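Down below is the structure, laid out as C-alpha cells.
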Amino acid sequence: DIISLQRDGGQENKLSPFIVKAIGIASLGGILFGYDLGVVSAALPQLTIAFDLTDVQKEMVVSFLYIGAVIGAALGGTLCDISGRKTAILFTDIIFIIGSIILYLSESFEAVLIGRFIVGFAVAVSGIADVAYLHEISPMEYRGAIVSVNEACISFGFMVSYLTGYGLTLLDPDNGWRIMFGASSVIALIQFCGMLAMPESPVWLEVKGKYLEAESALQLIYGHNGISSSPTSQNGAFDHASNTTVDPNQNESPSKIESPRKVKETSLQIDDSIPDIYDENRSTPRRIKCPFKSLPNNSCDDPVSKNSAFGNKCAIFSLQVSMYYRQMIIAFLLTTMSHFCGHSNILNFAPAIFAQIGFDSNIATLIITVLLGLVKFIVTCCVIWKIDHFGRKPLLLYGTGVIILSLFILFIAYASIDEDGLMSSLGKGMAIAGVFGVAAGYAASFGPLVWLLVSELFPSNIRGRALGLSNIFGYLSATVVSYTFLSWQNTMGSSAPFAIYGMLTTLFIVFSCVAMPETGGKDFDQIGEQLDQMLIW
C-alpha cells in the first residue's frame with residue numbers, strides 16, 4: 001500500500017515552500033549538466049577554426065567530457081554515499097568552476113581537453129548527487145515529478161547553452177567559445193551558495209545512524225507540525241507517517257506500521273543479534289533484518305558505516321549487488337541505451353548534421369539547434385506534468401518507439417544523398433523531421449525516466465553506488481558513441497550510424513516489454529513482486 005507522509009490531522013503531505021526552494025537549488029545541477037553537455041555544439045565550429053581541428057579531434061573534444069564522466073561515475077556514487085548528498089553537490093560545484101575557468105583560459109587543444117575532462121567528472125557526480133538528494137527529500141506522491149524536474153532542468157540547460165551559443169556567435173564569432181564555456185561557473189557558484197543553507201538528506205542521515213540530525217532535517221523540510229517532536233534513537237525507527245517511534249521491544253506494532261519484511265531464503269543464516277537495516281523505500285519506515293551472518297566478525301552494519309571494516313564493506317556491497325542483479329541489468333541497459341539511441345550525437349553534432357543536410361550558414365544551423373532545444377524542453381515539461389498519470393513504463397515504450405521511427409527516417413534521408421553529397425528537398429525535410437523526432441522521443445522517454453527509474457529500483461543504502469556503477473557504463477557508451485559518429489560516417493557511409501542506433505534501440509524496446517517493471521507509486525517490495533512476474537526473469 002502507498003502510505004503518504006502525513007501531517008497532523010491525517011491530511012496528505014503537501015509541498016512546503018522550503019521543499020520548493022530546495023528543489024529549485026538542487027535542480028540547478030541539472031541546468032549545469034545540460035549546459036555543459038550542450039554548449040560544445042555551439043562552441044565546436046569556433047574551436048574548429050581556432051585550433052584547426054580534424055574530425056577525430058572534434059570527436060575528442062566531445063568525448064573527453066564523457067571520459068571524465070566515467071571517472072566521476074566510478075567515484076561519485078561512493079562519494080555521495082559516504083560524505084552525503086549535500087556535500088557531494090557542493091564538491092561538484094567547485095569542480096565545475098575549476099573546469100570552466102580552465103576552458104575559458106585555454107590556449108591550446110590539449111588545454112581544452114583537460115577542461116572538458118574536469119567538467120565531465122563534475123557532470124557525472126552532479127547527476128548522481130542531485131537525483132539522490134531530490135529523491136530523498138520528496139514526498140512519495142510527488143517523487144516522480146520532482147525527480148524528473150532534474151531532467152527538465154537538463155533540457156533547459158541545453159536550451160540555454162544553444163541560446164548563449166547563438167548570441168555569442170553573433171557578438172564574437174572568433175572567441176565567443178571562451179565565454180560559452182566560462183558561463184557555467186556562474187550557475188555553479190549560485191548553486192554552491194544556495195546549497196550551503198540546505199539540510200542534508202534525512203534519509204542519508206538516518207542510514208548513517210544520525211537520527212537527531214535526520215529529525216532536524218525533516219523538521220526543516222516538512223515543517224515542525226509535519227513530524228513527531230520525539231527524538232529518534234538507534235533502537236527505534238522514526239515513522240514519518242504516523243508520528244510515532246517504533247520500539248522494537250514492543251510486542252505489538254502501532255496499527256500504521258507494517259510488520260518487518262520476510263527476508264527471502266538464502267544459503268546464509270539469519271542472525272537475530274545483528275543490527276537492523278533501515279529500509280526507507282516505503283513511505284512508512286520499518287526495520288528489516290540483514291541476512292548476511294557469514295561475513296567476517298559477524299558484522300552487518302550499513303556498507304558505508306564508520307564501524308565497518310573495508311573488507312566487510314566490500315563483501316556486503318557485493319552480496320547486495322547479487323541480490324539486486326535484475327535491477328542492475330535494467331539500470332545498465334537504461335543508461336547505456338540512453339546514449340546508443342543516438343540522441344547524444346544529434347545534440348552534440350547538431351551544427352555538423354544540419355550542415356550535412358544543406359544549411360551552409362552557421363547562424364542558420366544555430367537557429368535550428370535552438371529550436372531543437374526548445375522542443376526538447378517543452379516535451380520534457382509536458383511529460384513531467386503527466387508522468388505519474390501515464391506511468392513510467394508506457395512513456396518509456398512510446399517515447400522509444402518515436403526514436404526508432406525517427407532514426408529510420410534519418411537513415412532513409414541520409415541514404416538518399418547523391419554522389420555530389422547533396423540531399424533532395426524531400427530528404428532535407430525527412431532529415432529535419434528525424435532529428436526533431438529523436439529529440440522529442442528522448443525527452444518523452446530516456447530523458448525524464450532513466451534517473452527516476454534507477455533511483456526507484458534500489459534501496460537508499462546502495463542507491464548512490466548503484467547510480468554510479470550503472471552510469472560508468474552509460475558514460476563509457478557515450479564515449480564510444482561520440483568518438484565514432486563522424487568516423488563511422490566517413491568509413492561506412494553517412495546513414496550507417498542511424499541504422500546501427502535504430503537496431504539497438506529496437507532490441508531495447510523488446511527487452512523493456514518483457515523485463516521492465518512499472519515503478520510509479522510502488523514501494524520496493526511491490527517492484528520486486530512485479531519483477532518476479534516479468535517474462536524474462
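Just so it is clear, the values below take in all heavy atoms, side chains as well, and ignore hydrogens, waters and symmetry mates. Given the structure is predicted, the values throughout are model-derived calculations rather than measurements.
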Exercise. Under the side chain to side chain contact (heavy atoms under 4.5 Å, CB included) criterion, do Phe340 and Thr505 qualify, and how do the steps go?
Worked result: CA-CA 7 Å; Phe340 269 103; Thr505 309; over 6 Å; no

For this session: Quickly, which of Leu449, Ile330, Leu457 forms a side-chain contact (heavy atoms from CB on, under 4.5 Å) with Thr519? Name it, please.
Result: Leu457

Exercise. What are the two closest non-hydrogen atoms of Ile128 and Gly76, and how far apart are they?
Worked result: CD1-C, 4.1 Å

For this session: Kindly assign one of parallel, tilted or perpendicular to the pair Phe354 and Phe436, based on the angle between their ring planes and the thresholds 30° and 60°.
Result: tilted

Problem set entry | Side-chain heavy atoms of Tyr442 within contact of Cys341, under 4.5 Å | yes

Seminar exercise, completed: The reported gap from OG1 in Thr369 to CD1 in Ile346 (rounded to nearest 0.5 angstrom) is 11.5 Å

Problem set entry | Side chain proximity check, Gln356 to Gln489, heavy atoms < 4.5 angstrom | yes

Exercise. About how many Å separate OG1 of Thr380 and CD1 of Ile154, when rounded to the nearest 0.5 Å?
Worked result: 9.0 Å

Exercise. If we ignore angles and hydrogens, is there a donor and acceptor under 3.5 Å between the side chains of His339 and Ser477?
Worked result: no

Problem set entry | Derivation and outcome, side chain to side chain contact (heavy atoms under 4.5 Å, CB included), residues Ile67 and Phe64 | CA-CA 5 Å; Ile67 294 174; Phe64 256 64; 3.9 Å; yes

Exercise. Do the non-hydrogen side-chain atoms of Leu334 and Met516 ever get within less than 4.5 Å of each other?
Worked result: yes

Exercise. Is the number of heavy atoms from other residues, nucleotides or ligands within 6.0 Å of OH (Tyr104) greater than 12?
Worked result: no

For this session: Measure centre to centre between the rings of Tyr35 and Phe158, then say whether the value is under 6.0 Å.
Result: no

Exercise. Can you tell if the side chain of Arg178 reaches within under 4.5 Å of the side chain of Leu103, non-hydrogen atoms only?
Worked result: no

Seminar exercise, completed: Test side-chain contact (heavy atoms from CB on, under 4.5 Å), reference Tyr133, set Ile25, Ile23, Ile89, output is Ile89

Exercise. Any sub-3.5 Å donor-acceptor pair from Gln191's side-chain atoms to Ala26's backbone N or O?
Worked result: yes

For this session: Begin from the C-alpha positions of Phe473 and Phe332 and carry the test ring-ring contact (aromatic ring centres under 6.0 Å, His included) through to its verdict.
Result: CA-CA 7 Å; Phe473 295 104; Phe332 165 77; 5.1 Å; yes

Exercise. Hey, what do you get for CZ (Phe96) to CG (Leu189), rounding to the nearest 0.5 Å?
Worked result: 13.5 Å

Exercise. Can you find a pair of side-chain heavy atoms, one from Leu28 and one from Ile190, that are under 4.5 Å apart?
Worked result: yes

Exercise. Where the side chain of Ser185 meets the backbone of Gly182, is there a donor-acceptor pair that is under 3.5 Å apart?
Worked result: yes

Problem set entry | Residue pair Leu410 / Val435: nearest heavy atoms and the distance that separates them | CD2-CG2, 3.9 Å

Seminar exercise, completed: The ring pair (Phe, Tyr, Trp, His ring centres under 6.0 Å) partner of Phe498 among Trp488, Tyr414, Phe411 is Tyr414

Problem set entry | Nearest-0.5 Å distance, CG of residue Leu47 to CG of residue Asp52 | 12.0 Å

For this session: Without swapping roles, check the side chain of Thr78 against the backbone of Leu75 for a donor-acceptor pair under 3.5 Å.
Result: no

Exercise. So which heavy atom on Asp130 is nearest to which on Gly29, and how close?
Worked result: OD2-CA, 3.1 Å

Problem set entry | side chain to side chain contact (heavy atoms under 4.5 Å, CB included) between Ile97 and Phe192, worked out | CA-CA 10 Å; Ile97 292 171; Phe192 181 87; 5.6 Å; no

Exercise. Looking at Ala439 and Leu372, what are the two nearest heavy atoms and their distance?
Worked result: CB-CD1, 3.6 Å

Exercise. Are the side chain of Ser27 and the backbone of Gly30 linked by a donor-acceptor contact shorter than 3.5 Å?
Worked result: no

Problem set entry | Check: Gln57 and Phe51 side chains under 4.5 Å, non-hydrogen atoms | no

For this session: Find out whether Leu347 and Tyr162 are in side-chain contact, i.e. whether some heavy atom of one side chain is under 4.5 Å from a heavy atom of the other.
Result: yes

Problem set entry | From CG (Asp172) to CH2 (Trp177), nearest 0.5 Å | 11.0 Å

Exercise. Would a distance-only check, ignoring hydrogens and angles, find a side-chain to backbone donor-acceptor pair under 3.5 Å from Gln46 to Gly176?
Worked result: yes

For this session: Scan side-chain atoms only and decide if Ser482 and Ser63 contain a donor-acceptor pair under the 3.5 Å cut-off.
Result: no

Problem set entry | Separation of Ile179 CD1 from Ser184 OG (nearest 0.5 Å) | 12.5 Å

Exercise. Side chains of Thr336 and Tyr475: does their closest heavy-atom pair fall under 4.5 Å?
Worked result: no

Problem set entry | Residue pair Phe109, Leu113: steps toward the side chain to side chain contact (heavy atoms under 4.5 Å, CB included) verdict | CA-CA 6 Å; Phe109 169 67; Leu113 295 184; 3.6 Å; yes

Exercise. Which atom pair, heavy atoms only, marks the closest approach of Ile137 to Pro202?
Worked result: CG2-CD, 4.2 Å

Problem set entry | Minimum-distance pair of heavy atoms, taken over all atoms of Val119 and Ser100 | CG2-N, 4.1 Å

Exercise. Using 4.0 Å as the upper bound for N to carboxylate O, is an ion pair formed by Glu200 and Lys208?
Worked result: no

Exercise. Can you check whether Tyr66's main-chain N or O pairs, donor with acceptor, with Arg116's side chain at less than 3.5 Å?
Worked result: no

For this session: Indicate yes or no for a side-chain donor-acceptor contact from Arg85 to the backbone of Trp204 under 3.5 Å, with no hydrogens or angles considered.
Result: no

For this session: Determine, using ring centers only, whether Phe156 and Phe377 are less than 6.0 Å apart.
Result: yes

Exercise. Would a distance-only check, ignoring hydrogens and angles, find a side-chain to backbone donor-acceptor pair under 3.5 Å from Asp36 to Gly120?
Worked result: no

Exercise. Do other residues, nucleotides or ligands put more than 12 heavy atoms under 6.0 Å from Phe511 CZ?
Worked result: yes

Problem set entry | Aromatic ring proximity, centroids under 6.0 angstrom, Phe446 and Phe508 | yes

Exercise. Side chain of Ser108, backbone of Ala111: donor and acceptor closer than 3.5 Å?
Worked result: yes

Problem set entry | Main-chain N/O of Met198 paired with Lys86 side-chain donor or acceptor, under 3.5 Å | yes

